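Have a look at the structure below, then the notes.
The model shown is predicted, which means the values in this text are computed figures rather than measured ones. Every chain is numbered from 1 and lettered A, B, ... according to where its sequence line falls, protein lines coming before strand lines.
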Amino acid sequence: MSNGAEAPLDDFVRELVRADAASGRFGGRVQTRFPPEPNGYLHIGHAKAITLDFELANEFGGVCNLRFDDTNPDTEDTAFVDGIIEDLEWLGYQPNGEPLYASDYFEQLYTWAEHLISQGLAYVDDQDAETISQQRGGFGQPGIESPFRSRTVDENLELFRNMRDGKYEEGSRVLRAKIDMQHENMQLRDPVMYRIRHEPHHRTGNRWHIYPTYDWAHGQSDAIEGVTHSLCTLEFDSHRPLYDWYLSHLPLPGDTPRQTEFARLELTHTVTSKRRLATLVNDGIVDGWDDPRMPTLRGLRRRGYPAAAIRDFCSFIGVSRANSRHQIELLESFVRQHLNATAQRKMAVLDPLRLVITNWPEGQVDEVEVVNNPENSDDGNRLVPFSGELFIEHDDFRADPPPKYFRLTPGREVRLRGAYFVTCTGFDVDEAGKPTTVYATYDPATRGGNAPDGRKVKSTMHWVSAQHAVTGSAALYERLFAAEVPGTETGDPMDDLDPNSVSVLEGCMFEPSMGELEPGEVVQFERLGYFAHDPRTRLLFHRTVGLRDEWARIQQRG
RNA sequence: UGGGGUGUGGUGUAAUUGGCAACACAGCAGUUUCUGGUUCUGCUAUUCGGGGUUCGAGUCCCUGCACCCCAACCA
């Protein structure tokens, strides 16, 4: 497969960066930053931004900072900081130096705010949020200037210092930029720069009583760090004039960074909004941020998605300004591509049916050799015990086979992988007519899985020796959201949650070598799919993704 | 409602910047195979609508339409 090999290494962002380099802007330097707010864990959407930020810097010989945009003490937490650092490292990216924090720049931002006040470009407004909002006007409607807009510099300075010193109640005053209350872009109608919060901050504690807003903090943080290209998602498009306005009125230490927006990543059958993901966790709909159904990095990791597959996917889909939603199947194809090449093969029977070899010598145990990964001969072979009493998959036996059914059925000969040809001679059923035991004879001449006389079989099946099996469980996952685009019908994505998105099979029978799998290891259960060993619970496996299944498609078509 | 952004097969992304619309996923038909996996081959299918400029338009011009974003003291 070649879809991961040739990622499109060109797009409008790279073109723009190249043009900047050619024109000598930033002295040919390229520096980016990944700026998460520590109020949740990273998800697949962040992976796209991370890949862009880091790969771009790398391609142009620059660096990428990790900067926590921690300007809102209400929602942020050090647990998220740690989690984000961990997830970024797992994804495979090394930030430039230590993690940085917008909160480290609070002092500088404060100084610059006083600078704007002194220039008559910012003022303290004593009105409440609702009044300010109303005065902002609406689309196509004029705004109304605040009665406090024309305060003197000295008065503003004094009030602002009192704000900093915690002398006022939350919500009683804000600092606003004095721009234009009639501007057609709402972002420029005197935006709020500082609000009063007496909440302790996860890093600065109780040192500050005022906190900068995103807009006031972001571009300035970029400038302080020497970021050249500040990449963000499309919804900040209308903020760019404000980003530029702040920067243009400040005595910056270096070059003025440039903001560029790109379309965020959306995937079918899932949501990537921190708010909604938090709801899934807090309402107990999933087991936590690392539930294997979650599109979070830690969820995908627990599900068994290789980091390299996620990176390749993100590079492959490229970057544009068109809002779009990728099919989850594309991501899965990258996962299969990586896992096919790397995952060790194991025999696991998820829905066991007893198979008795009637002509097997009483008590004999054979050790048969099977390959660990046909895609990589370096992975070698292993020995698996075979005996007269085995488990096979319920799906692999039919008393009354439908058309095109190649598996075991009365009178038919099939191969047990790496072992022998067996021919079904009979079967028992329970009261409901469900098979309970299948009987077969084996051909000793076919040991190893080939007939000396050259006869062929239509099917090769996996199996586990009953007396040697280790037992465990397997969690099978469906899409968390049944609809391609959650919320299309009712407007609320939560209405499209599939209540049966997970089913856990107990009493699965695994070949003995699976007792030694490492926590988190991902293997292929032959003919079934890729499964990830749970990091905490031994012999619990999460189905990462199934194999392509032609038989399933034949059945679906009827 | 004012402003900004975006429209290319079923999905997503390209097109040497005006020169045979390509790549991947999905689907279909074969091939290979000790996994109904993998491999390999082939097939299906695309420029939002309407005008215009041009030998030639996905690309330029005019016009219409659709979708997304912006009126938090969130980011």
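- Across all strands shown, A:R321 has heavy atoms under 4.0 Å from sugar-phosphate atoms exclusively, and none from any base.
- Rounded to whole Å, the distance from CG on A:L331 to P on B:A24 is 18 Å.
- For the residue pair A:E225/A:N65, the side-chain donor-acceptor check at 3.5 Å is satisfied.
- Residue-level contact check: A:A129 touches the bases, meaning some heavy atom is under 4.0 Å from a base atom.
- Within residues 233-247 of chain A, the residues approaching RNA chain B are A:E235, A:F236, A:D237, A:S238, A:H239, by heavy-atom distance under 4.0 Å.
- For A:K274 and A:E184, each mapped to the nucleotide of RNA chain B holding its nearest heavy atom, the one lying further toward the 5' end belongs to A:E184.
- At least one side-chain nitrogen or oxygen of A:R197 sits closer than 4.0 Å to the OP1 or OP2 atom of B:C74.
- At a threshold of 4.0 angstrom between heavy atoms, the contacts of A:Q327 include nucleobase atoms, whether or not backbone atoms are also involved.
- Comparing B:G56 with B:C43, their C1' atoms sit 30 Å apart, to the nearest whole Å.
- Both distances falling under 3.5 Å, in either a Watson-Crick or a G-U wobble arrangement, occur for no nucleotide opposite B:G18.
- Side-chain atoms of A:S238 and A:N185 form no donor-acceptor pair, as typed in the model, at a separation below 3.5 Å.
- The interatomic distance linking A:L330 (CG) with B:G12 (P) rounds to 11 Å, in whole Å.
- A:H239 and A:F236 have perpendicular rings, their planes meeting at more than 60° on a 0 to 90° scale where under 30° would count as parallel.
- Residues A:L231 and A:R33 form a side-chain contact, since some pair of their non-hydrogen atoms from C-beta on lies under 4.5 Å apart.
- Contacts of A:P35 with the nucleic acid, taken as non-hydrogen atoms under 4.0 Å apart, are absent.
- Between A:P36 and A:F12, the residue anchored closer to the 5' end of RNA chain B is A:F12, taking for each the nucleotide with the nearest heavy atom.
- The glycosidic torsion of B:A45 lies more than 90° away from 0, which places this base in the anti conformation.
- At a threshold of 4.5 Å between non-hydrogen side-chain atoms, the residues A:Y246 and A:M193 count as touching.
- Side-chain contact between A:V319 and A:F12 is present, with at least one heavy-atom pair separated by less than 4.5 Å.
- Within 4.0 Å of A:R417, counting heavy atoms only, lies at least one base atom of the nucleic acid.
- With centres under 5.5 Å and a plane angle under 30°, the ring of A:F139 is stacked against the base of B:G2.
- For the pair A:R415 (side chain) and A:M461 (backbone), a donor-acceptor distance under 3.5 Å is absent.
- Residue contacts for A:R189: at a heavy-atom cut-off of 4.0 Å it reaches no nucleic acid atom on any strand shown.
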Extract from the structure each pairing of a protein N or O with an N or O of nucleotides 64-68 of chain B at less than 3.5 Å, listing the distance.
| unit_1 | atom_1 | unit_2 | atom_2 | d |
| --- | --- | --- | --- | --- |
| B:C68 | O2' | A:N323 | OD1 | 3.3 |

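- Only one option out of A:Y530, A:F510, A:F531 pairs with A:F541 in a ring-ring contact (aromatic ring centres under 6.0 Å, His included); it is A:F510.
- Using a 4.0 Å heavy-atom distance criterion, A:Y405 is classed as a base contact.
- Base orientation of B:U17: syn, the glycosidic angle falling within 90° of 0.
- If you check every strand for non-hydrogen atoms under 4.0 Å, A:V319 touches sugar and phosphate atoms only.
- By the side-chain contact (heavy atoms from CB on, under 4.5 Å) test, A:L383 pairs with A:E367, A:E369, sequence neighbours left out.
- Across all strands shown, A:S320 has heavy atoms under 4.0 Å from sugar-phosphate atoms exclusively, and none from any base.
- Contacts of A:T71 with the nucleic acid, taken as non-hydrogen atoms under 4.0 Å apart, involve only primed sugar atoms and P, OP1 or OP2.
- The residue A:E526 sits close to a base: some heavy atom pair falls under 4.0 Å.
- Atom CG in A:N450 sits roughly 11 Å away from atom P in B:U35 (whole-Å rounding).
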